[in-house]
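Values below: every heavy atom of this structure, side chains too, minus hydrogens, waters and symmetry copies. Within every chain, numbering begins at 1; the chains are lettered A, B, ... in the order of the sequence lines, protein sequences first and strands thereafter.
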Protein chains: 2
Amino acid sequence: MDAEAKLAALDAVCTAIAHPARRQILLTVHLRGAMTAGDIAGRFAHAWPTTTRHLTVLVEAGLLLTEKSGRHRLYTVDRARLELLKEWLGWFDPREAPEKA
Amino acid sequence: MDAEAKLAALDAVCTAIAHPARRQILLTVHLRGAMTAGDIAGRFAHAWPTTTRHLTVLVEAGLLLTEKSGRHRLYTVDRARLELLKEWLGWFDPREAPEKA
DNA sequence: TCGATATTTAGCGTACACGCTAAATATCGA
DNA sequence: TCGATATTTAGCGTGTACGCTAAATATCGA
């Protein structure tokens, strides 16, 4: 991933976690392992289509991986993508810079 | 800071860093030490008032500290506030949870 | 095949983020 | 005091994020 792609990816990640519902979804899916879209939607106050859209944003940011399994769709968290954010935060650590972010 | 305040603070931080210009401002101010509003505005493509508004968002999120000094206004980064984000990210680390986030 | 289940797509309204320019405010130097 | 400098506030237009309901799509079980 070149620098430009990395920047774009970071931007997508930051946008994705900017919404409280999406942060909650991400954390819930992470803690419970894998969840179907229905499980996720059922746990949140929003209407299903609203949650679907949040899921789409998370997938497009690469934070959620999706796997279709029959009538269900399984979502899992891709922690690697969160590393981009950690790396960015690394720039603010005292006398220490991330490898090549 | 109780849990509710912490959540609100995290939300403000996430919203603040969701915009590329604000991420850039934050990093620039951090790397250069303290900067005046004019220095910051002069370095970015946006019109002054636009940058002023971004600065306001960052200050309200607690990410920037401001100190008025005569005609100038000095901005510095409050790294402590970024810890909120690190703490949240900590929830995604394998078999390890942040102290009490 | 047919109805039920799981999920998305379509489409709409509202609120707000973010860009701008113009005008206002505050402080300093002469 | 007065003009110059530094910064914000006011106000406007546009685009888009996000909530909703209704309808469409896809897959399974009987």
Notebook entry, point to check: T36(B) near the nucleic acid: base, sugar-phosphate alone, or nothing, with a heavy-atom cut-off under 4.0 Å?
Noted result: sugar-phosphate
Item checked: Straight-line distance of K68(B) NZ to T36(B) OG1, nearest 0.5 Å -> 14.0 Å
Note to self: Generate the contact string for nucleotides 23-30 of chain C. Rules: B means base contact, S means sugar-phosphate contact only, - means no protein heavy atom under 4.0 Å.
What the structure shows: ---SBB--
Notebook entry, point to check: Could you give the distance from CZ (R79(A)) to CG (L65(A)), rounded to the nearest 0.5 Å?
Noted result: 12.0 Å
Check: Which parts of nucleotides 11-18 of chain D does protein reach within less than 4.0 Å, heavy atoms only, written one letter per nucleotide 5' to 3' as B for base, S for sugar-phosphate only and - for none?
Finding: -------B
Check: Roughly how far, to the nearest 0.5 Å, is CG of L85(A) from CZ of F92(B)?
Finding: 10.5 Å
Item checked: Test side-chain hydrogen bond (donor to acceptor under 3.5 Å, both in side chains) applied to R53(A) - qualifying residues, sequence neighbours left out -> none
Notebook entry, point to check: Heavy atom of residues 60-67 of chain B under 4.0 Å from DNA chain D: which residues?
Noted result: none
Every protein N/O within reach of nucleotides 13-15 of chain C N/O, cut-off under 3.5 Å:
none

Note to self: Rounded at 0.5 Å granularity, tell me how far CG in L7(A) sits from CG in D2(A).
What the structure shows: 9.5 Å
Margin query: Do T28(A) and I40(A) make a side-chain contact, defined as non-hydrogen atoms from C-beta onward lying under 4.5 Å apart?
Written below: no
Margin query: Holding to side-chain hydrogen bond (donor to acceptor under 3.5 Å, both in side chains), I want the full list of residues that pass it with R73(A), two or more places apart in sequence or in another chain.
Written below: none
Item checked: Single-linkage hydrophobic cluster, 4.5 Å side-chain cutoff, L74(A) and L27(A) together -> no
Item checked: Nucleotide-level pairing of DNA chain D, given in dot-bracket where Watson-Crick and G-U pairs need both distances under 3.5 Å and | marks other strands -> ||||||||||||||||||||||||||||||
Notebook entry, point to check: Do any of residues 26-35 of chain B sit with a heavy atom less than 4.0 Å from DNA chain D, and if so which?
Noted result: none
Next item on the list: Find the distance L58(A):CG to dT7(C):P and express it as a whole number of Å.
Entry: 16 Å
Next item on the list: Hey, which sits more toward the 5' end of DNA chain D by its nearest nucleotide, W48(A) or L55(B)?
Entry: L55(B)
Margin query: Side chains of M35(B) and I25(B), heavy atoms from C-beta outward: is any pair under 4.5 Å?
Written below: no
Margin query: Can you identify which nucleotide, out of dT7(D), dT7(C), dC20(C), has its nearest atom closest to the H72(B) side chain?
Written below: dT7(D)
Check: Do the side chains of W88(A) and L26(B) get nearer than 4.5 Å, heavy atoms only?
Finding: yes
Next item on the list: Could you check if a side-chain atom of L84(A) sits within less than 4.5 angstrom of a side-chain atom of M1(A), using non-hydrogen atoms only?
Entry: yes
Margin query: Taking salt bridge (charged side-chain N to carboxylate O under 4.0 Å, His left out) as the cut-off, I'd like each qualifying pair that reaches into residues 30-44 of chain A, sequence neighbours left out, listed once.
Written below: none
Report, one line per pair, each donor and acceptor closer than 3.5 Å where one atom sits in a side chain of residues 54-61 of chain B; sequence neighbours left out.
unit_1: H54(B); atom_1: ND1; unit_2: R22(B); atom_2: NH1; d: 3.1
unit_1: T56(B); atom_1: OG1; unit_2: T52(B); atom_2: O; d: 2.9

Next item on the list: Indicate, with yes or no, if Y75(A) and F44(A) share a hydrophobic cluster defined by side-chain heavy-atom contacts under 4.5 Å among Ile, Leu, Val, Met, Phe, Trp and Tyr.
Entry: yes
Notebook entry, point to check: Could you give the distance from CD (E87(A)) to CG (L10(A)), rounded to the nearest 0.5 Å?
Noted result: 9.0 Å
Checklist line | Heavy-atom side-chain contact between T76(A) and L64(A) under 4.5 Å | finding: no
Next item on the list: Could you tell me whether the phosphate oxygens of dT7(D), OP1 or OP2, come under 4.0 Å of any side-chain nitrogen or oxygen in T52(B)?
Entry: no
Next item on the list: Enumerate the residues from residues 37-45 of chain A whose closest heavy atom to DNA chain D is under 4.0 Å, giving them by residue number; use none for an empty result.
Entry: none
Item checked: Any residue meeting side-chain contact (heavy atoms from CB on, under 4.5 Å) with E83(B), in chain and number order, not counting sequence neighbours -> K86(B)
Margin query: Nearest 0.5 Å, please: how far is NE2 in H19(A) from CD in Q24(A)?
Written below: 10.5 Å
